[in-house]
A.B. asks: 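This structure is in structure tokens; I'll ask about it shortly.
Chain naming here is simple, since letters A, B, ... match the order of the sequence lines and numbering starts at 1 in each.
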2 protein chains.
Amino acid sequence: MNGNPPDGPAPAARPPGPDEDRMARIALTWLAEPGNRTVWTMTRNEGAPAALARLLSGDIPDPALRAAVLARTASGDPRRLAEAAMRRAERLGARVVVPADPEWPRRVEELGTLELDGGGRIGHDVRPPLCLWVRGAQPLDEAFHRSVAVVGARAATGYGVHVTTDIAYGLAEHGWAVVSGGAFGIDAAAHRAALAAGGLTIAVLACGVDRPYPVGNTALFERIADTGLLVSEWPPGSDPLRHRFLIRNRVIAAATVGAVVVEAAARSGAVQTMGRVLSLRRKAMVVPGPISSAMSVGCHRLLRADPAARLVTNLQQVLEEVGSIGEYYADPPRGREHDRDTLDEESALVLEAVPRRGTASADQLAATAGLSLRTVLRRLSLLEMTGLVVRRDDGIALAPRPRSAGR
Amino acid sequence: MNGNPPDGPAPAARPPGPDEDRMARIALTWLAEPGNRTVWTMTRNEGAPAALARLLSGDIPDPALRAAVLARTASGDPRRLAEAAMRRAERLGARVVVPADPEWPRRVEELGTLELDGGGRIGHDVRPPLCLWVRGAQPLDEAFHRSVAVVGARAATGYGVHVTTDIAYGLAEHGWAVVSGGAFGIDAAAHRAALAAGGLTIAVLACGVDRPYPVGNTALFERIADTGLLVSEWPPGSDPLRHRFLIRNRVIAAATVGAVVVEAAARSGAVQTMGRVLSLRRKAMVVPGPISSAMSVGCHRLLRADPAARLVTNLQQVLEEVGSIGEYYADPPRGREHDRDTLDEESALVLEAVPRRGTASADQLAATAGLSLRTVLRRLSLLEMTGLVVRRDDGIALAPRPRSAGR
């Protein structure tokens with residue numbers, strides 16, 4: 001690439017007007033799928049209107065992009081399509097948000113420097129969105145500021161739905177926005193739980209915000225739009241083409257503080273999302289499950305593949321990961337089993353000698369344990385202090401155990 | 001500790017006769033619970049007969065040990081008890097194995113330098129066994145040479161028993177001895193599976209090898225003794241005192257190449273065993289489970305606490321951990337989802353355009369995808385090569401998908 005590399009500095013252009021920038025970004029997203037590296041770099045360097053003009057003039061160094069732009073322009077005028085999309089959005093009560101807007105979620109700009117190993121075109125084209133279509137009243141930046149993605153399989157099991165509900169409900173209760181896609185299974189369970197908790201939930205879609213997909217979630221999308229947000233890179237009316245889910249996933253990863261994957265098949269979209277989360281050094285949290293469940297294979301594979309993927313088993317552990325330091329930290333529960341494990345040998349012998357039912361005198365304990373009475377009395381004080389035995393009027397007894405535990 | 005530290009060098013003693021050494025080791029194990037640091041160090045430095053003589057003379061720097069020895073000697077003569085234990089073992093067809101014997105399992109000697117943080121007396125006294133009582137024909141060292149511990153909860157769930165059976169059966173099939181305790185639940189399931197596979201299984205007990213505990217496993221112990229091994233540090237007739245399970249666990253950890261914990265409650269004995277395994281830098285393998293199961297809490301806690309604890313989800317992964325390099329290595333399965341994820345944008349568009357049912361011509365695909373016919377034909381070759389589409393007489397169709405996967 002000689003002469004005029006697209007990543008190089010460009011001559012200072014007349015700053016575009018706000019509407020011109022907005023329209024150009026919409027048109028650019030229609031010309032090439034979001035995340036396209038060349039288009040994003042041209043836009044960053046030259047501004048969206050100049051980048052659009054250049055693409056439309058055919059001055060495109062990347063042959064694949066040139067072919068795609070040619071194919072798209074053959075079916076319509078990008079500027080007129082952008083205007084139509086804006087009118088359609090207005091009728092819907094939707095808006096389009098661009099980086100110049102105060103509510104632009106800044107975190108997604110970290111995609112500007114993300115480099116992935118492999119992943120083909122979709123792993124190469126992970127640049128930030130040019131614009132985001134939104135339905136819902138909340139400003140985007142505020143909504144994403146304290147947000148956690150909860151993602152996973154469409155074909156979730158009862159276990160996965162149960163765990164998702166617990167975690168998403170708890171996140172919402174603690175003031176965290178829940179972010180997910182719009183699919184059946186884990187996605188829908190996460191949104192429903194956040195809504196049930198009266199919390200904020202955000203669906204990031206791979207189609208237009210007016211295009212309920214899957215149709216079975218139509219009522220859910222309406223509820224989300226009422227109190228939360230529907231967000232998409234694609235203009236209203238866009239179809240949920242299969243590869244768009246994989247393009248969309250980078251936004252879920254980038255816009256949130258971290259992501260929890262609850263259930264995921266091997267090499268599923270949720271696993272791909274977690275790959276983005278890990279590459280962006282966001283908190284990557286993984287719920288384990290039965291090794292016999294196909295829906296946990298992806299989760300276990302993530303845990304085995306990357307030490308930064310953190311196994312989580314409850315809401316508390318999720319909050320500890322995403323909260324600021326000390327915000328949610330809790331000591332692990334210290335059970336009596338622990339006290340029992342750390343006993344010195346004499347105390348262990350004394351404890352062994354205490355009958356399971358009823359009581360024994362210190363003399364009886366000394367005889368059973370094969371220890372002197374003096375030793376038994378000294379050790380009993382310790383055992384009493386740690387709560388393992390109690391002194392009663394008729395002698396020494398085991399303290400009642402509130403819970404059982406394996407050996 | 002001035003003057004004569006127990007860890008310091010000692011004057012060269014007359015080498016004891018083999019019987020004298022053996023008898024002294026049995027007596028020493030009766031005087032103080034196995035693993036005792038002072039007793040083991042004295043035995044290493046001075047030989048077992050001299051260490052025994054010194055303990056019986058009351059020349060004991062450690063006050064706790066002195067008290068324990070006094071309490072034990074008050075109830076019997078250690079040398080006579082050792083002789084009685086030997087006679088009892090002979091009647092049983094059991095034998096006692098000491099480090100001087102060719103079949104001594106050398107790996108347990110690594111306990112000689114193990115230092116643990118915390119764990120009280122039982123964490124302090126983790127020195128090697130002085131002797132091992134054995135029922136079964138196999139030489140100890142050969143049996144443990146290629147062995148894997150499979151440990152876990154008494155109160156195992158159906159899931160835990162199922163997973164244990166799969167792993168232990170497979171280990172036995174691949175010529176690995178299975179090592180466990182003698183408890184209900186995971187222990188018993190591991191032994192049963194190894195026996196069912198016609199493999200070698202070893203129960204390391206916390207009581208005499210003639211003392212079936214729990215009694216419900218009596219028939220299982222007899223079957224193990226017939227083709228495998230019953231092993232214990234305690235002489236025949238010894239009771240399974242509660243703290244002995246925790247003392248015993250270090251032998252399971254030290255004698256094996258690695259250990260798999262299938263299910264374990266928080267702070268259970270199995271978790272303690274895995275702590276020893278990790279400290280000894282043996283392979284520590286942990287099976288995850290549902291986060292809603294109390295019997296997986298210990299497993300998940302291990303995985304969260306120590307990056308060296310390796311999550312395993314099947315036999316193959318266990319074999320890869322314990323096998324020599326390359327012995328069992330297998331590529332992770334590469335599904336079609338992967339091929340699909342790495343498609344370039346044009347190929348993805350072409351693939352999208354192929355109908356879910358039936359076929360389409362290349363012209364139809366070009367129209368649907370918005371690409372030139374030339375591009376479509378080029379991309380179809382790639383899609384065909386990766387097995388995503390097939391060419392039929394009536395056009396192009398999606399390749400049949402052998403399995404479904406989450407998005």
Side-chain angles (χ1 to χ4, degrees), chain A residues 33 64 67-68 71-72 74-75 118-123 125 152-155 159 162-163 183 185 241-243 245-246 264-270 272 287-292 295 300 303-304 307 311 313-314 333 335 337-338 341-346 348 352 370-372 375 405-407, chain B residues 33 64 67-68 71-72 75 118-123 125 153-155 159 162-163 183 241-243 245-246 264-270 272 287-292 295 298 300 303-304 307 311 313-314 332-333 335 337-338 341-346 348 352 370-372 375 404-407:
Chain A
E33 289 289 293
R72 299 298 283 179
S75 70
R121 187 93 203 181
I122 283 169
D125 284 340
R154 275 195 307 261
Y159 167 70
H162 174 82
V163 170
L241 301 183
R242 206 177 298 159
H243 68 280
F245 293 99
L246 297 174
R267 301 194 180 280
S268 56
Q272 188 239 29
V287 175
I291 62 173
S292 43
M295 286 302 125
H300 296 149
L303 288 168
R304 282 173 57 83
L311 185 150
T313 66
N314 55 38
E337 290 305 306
H338 183 63
D341 291 3
T342 60
L343 286 183
D344 63 279
E345 191 175 319
E346 284 174 357
E352 271 304 311
L371 296 170
S372 69
T375 303
R407 190 190 75 247
Chain B
E33 289 288 291
R72 298 297 284 178
S75 71
R121 187 92 205 184
I122 283 169
D125 285 340
R154 274 195 308 260
Y159 167 69
H162 174 82
V163 171
L241 301 182
R242 206 177 299 159
H243 67 282
F245 294 99
L246 297 175
R267 301 193 181 281
S268 56
Q272 188 239 29
V287 175
I291 62 173
S292 43
M295 286 301 124
H300 296 148
L303 289 167
R304 282 173 57 83
L311 186 148
T313 66
N314 55 37
E337 289 307 306
H338 183 65
D341 291 3
T342 59
L343 286 182
D344 65 278
E345 190 173 318
E346 285 175 357
E352 271 305 310
L371 296 171
S372 70
T375 302
S404 68
R407 189 188 74 247

A.B. asks: Does A:His243 reach the main-chain N or O of B:Glu352 with its side chain, forming a donor-acceptor pair under 3.5 Å?
C.D. replies: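 Looks like no, no N/O pair under 3.5 Å.
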
A.B. asks: Please identify, among B:Ser75, B:Pro290, B:Ser292, the residue contributing the most non-hydrogen atom pairs under 4.5 Å to chain A.
C.D. replies: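 Going by pairs under 4.5 Å, I would pick B:Pro290.
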
A.B. asks: Show the numbers, then the answer: is there a side-chain contact (heavy atoms from CB on, under 4.5 Å) between B:Val287 and A:Ile291?
C.D. replies: CA-CA 8 Å; B:Val287 175; A:Ile291 62 173; 4.0 Å; yes

A.B. asks: With rounding to the nearest 0.5 angstrom, report the CG to CG distance, A:Leu241 to A:Leu246.
C.D. replies: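 Separation between the atoms: 12.0 Å.
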
A.B. asks: At a 4.5 Å cut-off on heavy atoms, which part of B:Glu346 comes close to chain A: side chain, backbone, both, or neither?
C.D. replies: side chain

A.B. asks: What residue, out of A:Pro307, A:Ala71, A:Gly289, has the most heavy-atom pairs lying under 4.5 Å from chain B?
C.D. replies: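 Top count of heavy-atom pairs under 4.5 Å with chain B: A:Gly289.
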
A.B. asks: Output, in order, the C-alpha distance, side-chain angles, deciding distance and verdict of side-chain contact (heavy atoms from CB on, under 4.5 Å) for B:Glu33 and B:Asp125.
C.D. replies: CA-CA 9 Å; B:Glu33 289 288 291; B:Asp125 285 340; over 6 Å; no

